[in-house]
Student: 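I'd like to ask some things about the structure below.
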Amino acid sequence: MNPEAVAAYIAEKMSPTESKPFLLARVVTDQLREHPVDTGTPNWQDNVNLSIESAFEADLQWVDPDGLAEPMLTALTWGYGAGFPEEEWIAVASALVGRELGRADVTRVLYQLGRYVIQDSEVGYAVYRIAHQTLADHLRPPFRPDERKPFDLMAVRVAAALTERYALLLDSGLPPTQPRYLLKYVWRHCAAAGQEGLDGLRSLSGRSPLLIPDLALASALVAEMFTRVHRPADAIEPLLSAVELYEVLAKSGDHAHAADRANALDRLGLLHRDVGAPLQAVDYGLRAVLAYRELVETGSVAVTATDTLTKTLASLHERPEVGLAQLEPLRKPLYASGALSKARAAGGHHTYLSHLGDALVHLSDHYSSAGKPLDGHGCAEEAVATVRGLRTSQGYLPLRAKAFSTLSRRCVEIGQLEEAVRVARSAAVVYGRLASANTAYRTDLAKVLSELSATYQDLGDAHSALRYARRAADIQQQLADDDSTYRPQHAATLINLSKAQVSNNKQGVRPAQEAVRILTALAVENPVHRPSLAAALLHLSSCYPTENRRGLRAAQDAVMQYLDLATENVVFVPSLGDALISLERYDSPDLVAAAWDQALGEFHGDHAATLLLRRCTAAEPGALHTIPWFLAALNNATSHPLVAQLHEVARRHHDIGRDSWERRWREHAREPAPAWLTVDRTLLREAVEWVFTPTYVTEKQYLADHPRLLKAEADIAVAEAALQVDEQEAERLQAVRASANVVGVMAAYEPVLLAGLVDTFIAAPVEVQRQLLAEHRDQLRSPEAQSLIGSRSQADSRVLAERAMSLIVLSEDEELLDLAFQALFLPAEFPRVMHELALSPEITGEALGSMAVCGLSSAMTENEQSIMACYLVVAIILSGGENDAWRVVDATNGKERALWRSLIPEIAHVHPEIERMRDWLGVG
């Protein structure tokens with residue numbers, strides 16, 4: 001071998017951008033020493049490796065005939081931090097190979113291929129990792145998660161190997177802090193494995209509560225992974241689990257866990273928004289805001305009773321009022337001016353203030369989606385007040401701009417257009433500052449300018465609308481010219497520019513055509529852009545005069561786009577209806593009729609009724625030709641809200657010409673006009689106001705103030721109003737009304753208010769339960785309340801209902817009740833408290849059992865659950881239920897019996913009745 005020739009060849013061929021020249025030089029030198037190249041043969045250069053990858057593959061051919069070395073080195077690519085310790089390396093490699101490996105295999109690989117491995121140390125122990133990321137990527141190409149495959153299947157095997165090893169170490173008596181690598185990184189391995197990894201980590205946390213924070217963190221990370229691959233529905237369960245764990249951890253007074261909980265709640269709101277559940281989004285968004293507000297205002301996680309009860313009420317969507325006048329304000333809007341004056345005056349907590357501002361923006365959007373723009377406006381106002389309390393540093397400007405733009409949108413929704421313009425201009429100023437320093441904010445600036453343009457159009461200021469629309473379109477065009485990923489935003493600004501031109505008595509055809517061209521190309525590349533294309537076509541059709549056939553073609557194209565979309569996803573049915581209505585601008589009755597027939601042939605039931613409702617709503621008021629459409633829609637409609645909308649629109653048409661409408665209705669329906677069509681309008685208005693009173697207390701008072709609603713003449717009006725709520729609520733309203741006719745309004749509402757109190761008591765955190773018991777003990781201890789709690793024990797909230805019943809039982813003894821609450825606040829104390837109670841000769845089976853149920857509801861580990869179950873069996877025996885106790889003991893496993901054997905002898909010494917349990921467990 002000619003060393004000079006080889007060196008010259010390598011120097012000539014090596015890439016000047018080579019990221020690992022020293023490693024490559026070392027590896028190639030070692031290879032040439034072991035396997036010299038004969039430079040005298042033709043094409044000897046083919047035998048010289050010029051990359052780490054080719055050098056590694058050559059080494060494998062020389063030293064790894066049985067194929068063991070490659071998977072063992074691949075195992076090292078899964079290590080975090082500085083790398084795997086030897087035992088963890090062996091565990092993961094064994095899982096990848098499919099058979100048990102040992103230290104001898106590690107020694108062999110290091111001897112043969114040690115130049116590709118770095119030995120390092122981390123926190124006092126030796127670790128191993130691959131020498132360079134390029135080689136690691138060669139051994140295990142980076143995993144690219146997508147919607148179909150969000151988690152790497154190999155990560156599941158790795159996590160299973162490591163959690164199994166950790167479990168064996170813990171079961172052997174090793175403290176959880178001893179396997180340092182596993183303590184530090186096992187949660188990351190489990191998160192990378194998805195739900196199966198979480199199951200393994202949950203099992204570990206049952207062995208050691210020290211791992212509960214890791215389980216919460218891993219659950220949140222799994223949710224984030226699902227979110228990134230556009231699977232929000234799958235992200236909800238792990239994030240809910242994280243919230244529950246953070247709630248337990250936050251009781252320790254750790255601000256970090258309280259903040260983690262608030263963040264997870266905020267994310268849950270966004271996930272429910274993404275899956276089309278606006279009420280649930282409001283629930284979690286509200287809880288996030290309350291959590292952040294607590295962190296801001298007090299700097300601690302001590303939760304006030306009022307705020308906690310508000311959280312509870314917010315999560316009960318139907319009628320969460322507890323029925324107590326002093327608590328009624330909790331159902332009023334939560335956002336008032338000056339709500340954060342204390343926090344701003346106190347200063348500090350800027351991190352939490354920024355998070356609170358962000359959560360308020362999200363909650364504002366959730367309220368808007370839930371059809372509550374006034375509540376959304378209040379949130380947005382508080383968001384603006386919050387961000388004004390932050391320092392005016394560049395880091396908080398994006399949040400300030402976002403709060404301003406959100407408030408502007410809410411102002412538009414509630415009709416405060418002048419205020420919307422003022423706030424949007426403030427947002428534009430801030431985004432302008434940001435965009436001048438960072439072009440990434442130019443698209444946000446363009447969006448705000450487009451919204452300003454739309455608001456000016458609503459105000460009738462066509463000139464200003466056009467000016468801002470042009471600015472937005474120019475910005476987005478520049479961005480799209482530089483980066484094609486901005487084409488969707490460019491198309492949106494073009495549509496807005498077109499609308500602004502129309503408001504200036506111009507056709508607006510050209511920008512709309514350009515938007516359609518862009519979106520057509522995008523829809524071919526990715527079907528996700530089809531809804532935007534359909535909307536652009538619909539707008540383009542409106543830009544042409546009715547005699548222009550191009551407008552008709554655009555409308556037809558929009559109908560076909562929406563028809564395809566709606567057959568795939570019925571959420572587009574209302575938009576299909578709008579597109580069909582656009583056809584009616586043109587003088588083509590046969591074409592319009594055919595299009596409607598085709599659409600109605602595709603859909604049935606509520607979806608067909610929705611299409612017909614759109615057609616009836618768009619028709620000229622009082623139009624008699626809508627009557628057959630109404631009849632067909634009512635024949636298809638099944639949902640109460642949809643029937644209510646059809647009735648309301650029909651009444652509007654009817655009131656234009658009552659006699660002609662009722663006559664024509666009789667002709668088509670072959671029966672007189674229905675009572676809901678001719679119902680007394682004053683009675684109907686009063687019935688609707690009663691149904692939508694905000695609390696049970698105001699509902700009761702409204703009915704007392706409007707006795708006419710109790711009479712038979714109001715039956716139709718009340719039935720019509722009740723159509724606008726769900727069936728369960730409608731049945732409750734009718735039952736209350738019927739009862740009020742017999743026993744009076746005040747007496748009729750007593751069960752309703754008691755049920756509200758019971759539901760709140762069951763669902764409330766323990767600190768609120770303590771307050772409610774102190775204030776309403778007699779009501780909660782009544783037979784009626786206990787019967788209600790018993791019925792709830794059969795539902796999904798069984799554990800909470802049983803705890804609520806146990807607390808009521810314990811309320812007969814103030815000392816025991818205080819002890820129960822103290823233990824619930826500090827669940828780790830429960831085993832000690834139960835042991836002391838069980839050794840008391842005076843303790844009754846009922847009291848001990850109630851305490852055990854409370855303990856079970858707060859147990860954090862399998863061990864704690866088993867201890868509480870043991871005391872519950874003791875309580876059953878003390879209460880005379882020996883047969884029931886035996887069935888429980890008979891169902892236990894060996895591990896539980898071993899634990900119970902250690903507890904029973906001392907208790908049996910105090911309570912001889914328990915001696916029988918010693919025999920069952922085999923205690924000598």
Side-chain angles (χ1 to χ4, degrees), residues 405 409 412 424 428 442-458 462-546 548-566 571-572 574-583 585-586:
S405 59
R409 286 192 289 273
V412 170
R442 294 173 68 190
T443 187
D444 296 304
L445 173 60
K447 182 179 179 181
V448 170
L449 293 174
S450 290
E451 291 172 351
L452 255 175
S453 171
T455 307
Y456 273 122
Q457 290 176 51
D458 293 338
H463 177 72
S464 296
L466 184 57
R467 178 161 55 91
Y468 282 105
R470 280 175 175 160
R471 284 183 59 191
D474 288 345
I475 292 171
Q476 286 293 4
Q477 181 170 355
Q478 292 170 10
L479 289 168
D481 289 344
D482 296 337
D483 185 346
S484 62
T485 59
Y486 286 104
R487 287 180 295 163
Q489 294 91 326
H490 182 209
T493 56
L494 286 170
I495 292 296
N496 189 62
L497 176 59
S498 172
K499 292 177 180 178
Q501 289 181 346
V502 170
S503 68
N504 276 266
N505 298 317
K506 300 178 181 180
Q507 284 190 352
V509 170
R510 184 170 297 177
Q513 285 178 325
E514 178 63 13
V516 167
R517 184 191 66 79
I518 293 171
L519 290 167
T520 300
L522 286 169
V524 171
E525 298 171 12
N526 190 339
V528 74
H529 297 291
R530 289 166 56 205
S532 298
L533 172 60
L537 286 165
L538 185 57
H539 169 71
L540 176 60
S541 73
S542 69
C543 295
Y544 289 103
T546 56
N548 192 311
R549 307 306 288 180
R550 292 181 179 177
L552 177 60
R553 283 198 296 273
Q556 288 179 287
D557 289 344
V559 167
M560 295 311 297
Q561 288 285 341
Y562 275 125
L563 185 59
D564 289 342
L565 288 166
V571 73
F572 292 105
S575 298
L576 171 60
D578 294 337
L580 288 164
I581 291 165
S582 73
L583 286 175
R585 296 177 59 239
Y586 302 93

Student: State the CG-NE2 distance between Leu497 and His490, to the nearest 0.5 angstrom.
Tutor: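 Answer for the CG-NE2 pair, Leu497 versus His490, is 9.0 Å.
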
Student: Pairs under 3.5 angstrom only: tabulate donor-acceptor contacts from the side chains of residues 467-478 to other protein residues two or more places apart or in another chain.
Tutor:
from, atom 1, to, atom 2, distance (Å)
Gln476, NE2, Thr443, OG1, 2.9
Gln478, OE1, Arg442, NH2, 2.4

Student: Please give me the minimum heavy-atom distance between Thr485 and Gln489, naming the atom from each residue.
Tutor: O-OE1, 3.5 Å

Student: So which heavy atom on Arg585 is nearest to which on Pro545, and how close?
Tutor: NH2-C, 4.3 Å

Student: Which atom names give the shortest non-hydrogen contact between Ala558 and Leu537, and what distance separates them?
Tutor: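 So the two residues come closest at CB-CB, 3.9 Å.
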
Student: Please report the shortest heavy-atom distance between His529 and Pro488, naming the atom on each side.
Tutor: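 Closest heavy-atom pair between His529 and Pro488: CE1-CG, 3.5 Å.
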
Student: Rounded at 0.5 Å granularity, tell me how far CZ in Phe572 sits from CG in Leu565.
Tutor: 5.0 Å

Student: To the nearest 0.5 Å, what is the distance between NZ (Lys447) and OG1 (Thr493)?
Tutor: 13.0 Å

Student: State which residue, out of Val448, Leu452, Asp444, fulfils the side-chain contact (heavy atoms from CB on, under 4.5 Å) condition with Ser405.
Tutor: Val448

Student: Identify the two heavy atoms, one from Leu445 and one from Ala428, that lie closest to each other, and give their separation to 0.1 Å.
Tutor: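 Smallest interatomic distance, heavy atoms only, reads CD1-O, 3.5 Å.
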
Student: Any side-chain hydrogen bond (donor to acceptor under 3.5 Å, both in side chains) involving residues 550-564? Give me the pairs, sequence neighbours left out, ordered by first then second residue.
Tutor: none

Student: To the nearest 0.5 angstrom, please state how far the OG atom of Ser484 sits from the CG atom of Leu522.
Tutor: 8.5 Å

Student: When rounded to the nearest 0.5 angstrom, what distance separates CZ in Arg510 from CD in Gln513?
Tutor: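 Interatomic distance, Arg510 CZ to Gln513 CD, rounded to 0.5 Å: 8.0 Å.
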
Student: Nearest 0.5 Å please: distance from the NZ atom of Lys499 over to the OG atom of Ser453.
Tutor: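 One gets 9.5 Å once the value is rounded to the nearest 0.5 Å.
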
Student: Counting N and O atoms only, with roles assigned by atom type, does the side chain of Thr520 sit under 3.5 Å from a partner on the main chain of Val516, one being a donor and the other an acceptor?
Tutor: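 Yes, because the side chain of Thr520 sits within donor-acceptor range (under 3.5 Å) of the backbone of Val516.
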
Student: Measure from the side-chain N and O atoms of Arg530 to the backbone N and O of Pro527, and report whether any donor-acceptor pair falls under 3.5 Å.
Tutor: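 Judged by distance alone, no pair lies under 3.5 Å.
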
Student: Please identify each residue that fulfils side-chain contact (heavy atoms from CB on, under 4.5 Å) with Ser541, with sequence neighbours left out.
Tutor: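 Scan of Ser541 (side-chain contact (heavy atoms from CB on, under 4.5 Å), adjacent residues dropped) gives Leu538, Ala554, Ala555, Ser582, Tyr586.
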
Student: Leu519 and Ala491: which non-hydrogen atoms are nearest, and at how many Å?
Tutor: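 Scanning both residues completely, I find the closest heavy atoms to be CG-CB, 3.7 Å.
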
